[in-house]
> 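Before I ask anything, let me first share the structure, which is written out below as structure tokens.
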Number of protein chains: 2
Amino acid sequence: MLTKTKREKEVFFDYLKEHGLNRTAQKELVLDTFLKTEGHLSVEDTYQQAKQKDLSIGYVTVYRTLKSLVACGLAREVDLGDGRTRFEHFYNHPHHHHIICTTCKKTIEFLSTDLEQLQEEIIRYYGFEPLYHSFQIYGTCNDCQHKRTGSVRRTETVNDKVFLRDALRIVIDFENKGLDFYRAAAEHTKNASGRLMFSKIADEEKDHLAVLKIKYEKLLSRNKTLAQEPQFLHFNPAILDEIFPPGEAIPKLINEDTNELQALTIAIDSERDSYEFFQRYAERFKDSKGKRIFVSFTQAEKQHLTSLQREYERLTGQRSAKAP
Amino acid sequence: MLTKTKREKEVFFDYLKEHGLNRTAQKELVLDTFLKTEGHLSVEDTYQQAKQKDLSIGYVTVYRTLKSLVACGLAREVDLGDGRTRFEHFYNHPHHHHIICTTCKKTIEFLSTDLEQLQEEIIRYYGFEPLYHSFQIYGTCNDCQHKRTGSVRRTETVNDKVFLRDALRIVIDFENKGLDFYRAAAEHTKNASGRLMFSKIADEEKDHLAVLKIKYEKLLSRNKTLAQEPQFLHFNPAILDEIFPPGEAIPKLINEDTNELQALTIAIDSERDSYEFFQRYAERFKDSKGKRIFVSFTQAEKQHLTSLQREYERLTGQRSAKAP
DNA sequence: GTAAGTGCAAACGGTTTGCATAAAG
DNA sequence: CTTTATGCAAACCGTTTGCACTTAC
């Protein structure tokens with residue numbers, strides 16, 4: 001925990017130094033209180049928590065320190081519609097929106113890159129220079145709809161584990177879809193060399209998938225509550241069918257003559273699309289640990305793409321600039 | 001104006017009667033003040049305006065009456081981030097979101113059905129029963145970016161004219177795209193009867209388009225400022241290419257043998273898709289004058305579709321249940 | 001020692017309520 | 001003549017500031 005919040009503390013203390021502000025015990029206490037709580041803290045919340053460690057601390061000090069946390073980029077003010085300003089982690093935390101249960105006040109954080117892109121298109125249409133946007137959905141959560149009052153889940157801000165889990169899920173979705181596609185393609189390919197190429201790529205996909213699944217299972221088993229955490233990252237699954245055509249579309253792509261080079265070209269196209277999807281997806285995140293996770297997956301996709309392109313060059317015997 | 005606000009007044013007075021509340025001069029004054037202003041009124045704004053007609057009216061009365069307007073469904077409270085609650089028209093006004101210029105406080109209202117759909121998908125994913133959602137984008141408007149302080153445009157809530165204009169624009173976009181498609185299809189069709197069918201449909205499309213364009217021009221010429229009003233309705237233009245394949249895709253659809261029946265089938269498919277798009281689009285609106293406008297366009301599309309289907313039945317000489 | 005911080009109390013600003021009086025039905 | 005509305009003042013509540021005293025550097 002200490003190492004995790006170390007950089008945040010540095011950010012704050014650097015900010016103080018740069019602005020000629022003093023480092024005091026009260027400020028450190030508020031900072032610690034904020035850092036150790038992964039939720040949406042109001043001034044009152046923070047004050048109550050801080051008072052348990054220092055009876056003499058004042059409400060105003062908490063208030064002013066929280067404002068400094070915003071100023072130095074560690075925190076972000078968020079309006080959840082209950083009339084009080086709440087402070088949530090901002091530093092290294094991905095941008096997101098909130099779904100708020102009006103009954104039990106539980107909040108779910110989520111990020112949809114499609115939503116982000118859409119709002120960006122709209123604002124660009126009007127010639128606005130966007131500063132920030134806020135999107136809240138109010139409704140009744142599943143538990144409250146069924147009057148299950150028992151499950152009082154703490155509403156936490158999303159953490160890196162959830163981000164990693166969701167990133168893995170997305171990548172696994174892609175690899176699964178890819179595997180299905182290459183297998184089906186192999187089956188439909190009459191040409192022996194083409195069929196071999198498809199099944200070779202399917203095997204690579206299977207290996208990669210196995211590695212990812214182990215990673216995923218390890219992550220879940222190390223974090224017992226992680227499986228229950230709501231999904232944070234969203235994407236439009238229609239993209240999967242665009243990149244890896246579903247079974248019924250395969251006969252249109254593949255015919256008697258699909259040879260190894262053509263199979264490779266088809267695979268390179270799909271892998272390039274996947275890679276570009278991940279790259280675009282990652283672009284939408286502010287710099288954060290989550291982004292770095294995602295970028296690392298992007299790198300893996302890139303490597304696979306590159307190795308297929310090498311294979312293509314090897315087969316055509318030329319380092320052609322026209323390599324697909 | 002009187003006739004326009006008549007129904008709104010009825011709504012309010014009915015609400016009063018139903019709840020055993022008295023009809024007073026003050027309430028009527030606040031109602032009139034609200035109805036005649038097509039903007040985002042704060043309690044203070046409304047109070048100041050009302051006081052010009054009745055010096056003795058109290059702030060609290062205004063406050064309480066505005067709350068009643070919300071209760072009876074005429075108004076909606078909206079938070080534009082400046083710390084005060086604003087009231088905007090809700091009755092017969094389409095649901096929308098706000099883009100707010102943080103410099104000049106100008107607001108632009110917009111509606112994107114793609115955005116609505118996306119948010120609905122996300123909330124359904126989490127098992128939430130949505131109540132309402134708020135989406136604000138804060139930024140710097142075009143004028144303020146270029147320091148053009150001169151244009152102090154009143155920020156009005158969107159009105160039926162804008163809605164009608166945007167609905168017309170969308171329909172015209174569709175008809176234009178359709179016309180292009182049928183013309184290109186006619187050109188590419190070698191079979192004489194198929195070619196004739198495509199150009200017949202293109203002519204129908206052209207006629208319809210001409211009617212719409214006249215409607216559009218008339219609307220703009222009757223409302224001099226309408227052309228400058230920002231666009232309210234948005235849709236993803238990619239759908240156009242899906243419904244009416246662009247030029248380069250036409251050779252895949254049409255070959256030497258495309259006869260009149262096949263041409264008709266292709267047209268019926270496209271027209272059905274258009275009709276369904278409009279229907280889905282209209283579904284996203286709350287009941288409003290705008291919705292009725294849109295539904296009337298939908299009806300026109302439906303009629304065109306039906307007439308094509310009749311033609312199909314006539315040609316095949318059967319009222320087949322399998323008619324496409 | 002000087003600049004900044006703290007904690008109290010008090011102010012602020014938008015919202016809401018209590019209450020005596022006025023008006024509606 | 002009962003019920004509801006009005007308008008004033010005052011309370012509320014989260015936020016913010018003024019100020020005398022304290023602490024950091």
Side-chain angles (χ1 to χ4, degrees), chain A residues 9 12-33 40-72 75-88 105, chain B residues 12-33 40-72 75-87 105:
Chain A
K9 290 192 179 187
F12 185 55
F13 295 139
D14 287 354
Y15 168 83
L16 294 180
K17 201 166 274 177
E18 267 175 47
H19 289 74
L21 305 173
N22 292 340
R23 182 169 162 171
T24 66
Q26 289 94 330
K27 279 177 189 160
E28 282 192 55
L29 175 54
V30 173
L31 174 63
D32 286 343
T33 308
H40 303 105
L41 285 168
S42 65
V43 180
E44 185 64 31
D45 293 339
T46 319
Y47 174 57
Q48 290 304 336
Q49 284 207 210
K51 225 164 60 168
Q52 297 187 358
K53 292 227 171 179
D54 174 2
L55 269 296
S56 71
I57 198 168
Y59 183 91
V60 182
T61 305
V62 173
Y63 164 78
R64 276 191 273 235
T65 309
L66 284 174
K67 287 278 176 187
S68 307
L69 294 187
V70 173
C72 75
R76 177 171 91 111
E77 292 186 34
V78 57
D79 175 14
L80 297 181
D82 65 344
R84 67 187 63 192
T85 306
R86 288 171 180 283
F87 295 82
E88 68 173 18
K105 310 296 174 198
Chain B
F12 185 55
F13 295 139
D14 287 355
Y15 168 84
L16 294 181
K17 202 167 273 177
E18 267 175 47
H19 290 73
L21 305 174
N22 293 340
R23 182 169 162 170
T24 66
Q26 289 94 331
K27 278 177 189 158
E28 283 193 56
L29 175 56
V30 173
L31 174 62
D32 287 342
T33 308
H40 303 104
L41 285 168
S42 65
V43 180
E44 184 65 30
D45 293 339
T46 319
Y47 174 57
Q48 290 304 338
Q49 284 207 208
K51 225 166 57 170
Q52 297 188 358
K53 292 226 169 180
D54 175 2
L55 268 296
S56 72
I57 199 167
Y59 183 91
V60 183
T61 305
V62 173
Y63 164 78
R64 276 191 274 234
T65 309
L66 285 173
K67 287 277 176 188
S68 307
L69 294 186
V70 172
C72 75
R76 179 170 91 110
E77 292 185 33
V78 56
D79 175 14
L80 297 180
D82 66 344
R84 67 186 64 191
T85 306
R86 288 173 180 282
F87 295 82
K105 310 297 174 198

> Find the distance between CD1 (I57(A)) and OG1 (T33(A)) and round it off to the nearest 0.5 Å.
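The OG1 atom of T33(A) is 7.0 Å from CD1 of I57(A), to the nearest 0.5 Å.
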> Rounded to whole Å, please give me the gap between OH in Y59(B) and P in dA10(D).
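My rounded result for the distance is 18 Å.
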> Are Q26(B) and dG7(D) close enough that a side-chain N or O sits under 4.0 Å from OP1 or OP2?
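The answer is yes; a side-chain N or O of Q26(B) sits under 4.0 Å from OP1 or OP2.
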> Name each donor-acceptor pair under 3.5 Å that joins a side chain in residues 19-29 of chain A to protein atoms two or more places apart or in another chain, with its distance.
unit_1: H19(A); atom_1: ND1; unit_2: Y15(A); atom_2: O; d: 2.9
unit_1: R23(A); atom_1: NE; unit_2: E28(A); atom_2: OE2; d: 3.2
unit_1: T24(A); atom_1: OG1; unit_2: K27(A); atom_2: N; d: 3.3
unit_1: K27(A); atom_1: NZ; unit_2: N22(A); atom_2: O; d: 2.8

> Using heavy atoms to find the nearest nucleotide of DNA chain D for R64(A) and S42(A) separately, return the residue whose nucleotide is more 5′.
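Final value for this comparison: S42(A).
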> So where does chain A start and stop touching DNA chain C, 5' to 3', when the test is distance under 4.0 Å to a non-hydrogen atom?
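With heavy atoms of chain A under 4.0 Å away, the range is dA4(C) to dA9(C).
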> Can you tell me how far the CZ atom of F87(A) sits from the OG1 atom of T46(A), to the nearest 0.5 Å?
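F87(A) CZ to T46(A) OG1: 7.5 Å, rounded to 0.5 Å.
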> Nearest-Å distance, CD (E28(A)) to P (dA24(D))?
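Value for this atom pair: 11 Å.
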> Give the residues of residues 17-24 of chain A touching DNA chain C, defined as any heavy atom closer than 4.0 Å, sorted by residue number.
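Those residues are G20(A), L21(A), N22(A), T24(A).
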> Between C1' on dT15(D) and CZ on F87(A), what's the gap in Å once rounded to a whole number?
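Going from CZ in F87(A) over to C1' in dT15(D) covers 10 Å.
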> Here's a test of your reading of the structure: between K67(B) and D54(A), which maps to the more 5' nucleotide of DNA chain C?
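Checking each residue's closest nucleotide, the 5'-ward one belongs to D54(A).
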> Let me know the distance between CG of L16(A) and C1' of dT23(D), rounded to the nearest Å.
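Answer to the nearest Å: 15 Å.
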> For DNA chain D, whose closest nucleotide is more 5', that of K27(B) or that of R84(A)?
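The residue closer to the strand's 5' end, by nearest nucleotide, is K27(B).
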> If I take atom CG from residue D79(B) and atom CZ from residue R84(B), how far apart are they, to the nearest 0.5 angstrom?
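Reported value, rounded in 0.5 Å steps: 12.0 Å.
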> Strictly below 4.0 Å: does Y63(A) bring a side-chain N or O up to OP1 or OP2 of dT16(D)?
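Checking Y63(A) against dT16(D): at least one side-chain N or O falls below 4.0 Å of OP1 or OP2.
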> Please list, chain by chain and in numerical order, all residues satisfying side chain to side chain donor-acceptor pair (under 3.5 Å) with D14(A), sequence neighbours excluded.
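D14(A): no side chain to side chain donor-acceptor pair (under 3.5 Å) contacts found.
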> Quick one: is T85(A) getting a side-chain N or O under 4.0 Å of the dT15(D) phosphate, OP1 or OP2?
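True: T85(A) side-chain N/O within range (under 4.0 Å) of dT15(D) OP1/OP2.
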> State, with a plain yes or no, whether a side-chain heavy atom of V43(B) is found less than 4.5 Å away from one of T85(B).
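No; the side chains remain at least 4.5 Å from each other.
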> Whole angstroms only, please: what is the CZ-C1' distance between R86(A) and dC13(D)?
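Roughly 14 Å, once rounded to whole Å.
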> For residues 58-68 of chain B, run the donor-acceptor check on the side chains, cut-off 3.5 Å, and write out each pair with its distance to 0.1 Å, sequence neighbours left out.
unit_1: T65(B); atom_1: OG1; unit_2: T61(B); atom_2: O; d: 2.7
unit_1: K67(B); atom_1: NZ; unit_2: E77(B); atom_2: OE2; d: 3.0
unit_1: S68(B); atom_1: OG; unit_2: R64(B); atom_2: O; d: 3.1

> Could you tell me whether the side chain of D82(B) reaches within less than 4.5 Å of the side chain of K105(B), counting heavy atoms only?
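No. Closest side-chain heavy atoms not under 4.5 Å.
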> Hey, could you give me each pair passing salt bridge (charged side-chain N to carboxylate O under 4.0 Å, His left out) that has a residue in residues 41-51 of chain B? Not counting sequence neighbours.
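Only D45(B)-R86(B) qualify under salt bridge (charged side-chain N to carboxylate O under 4.0 Å, His left out).
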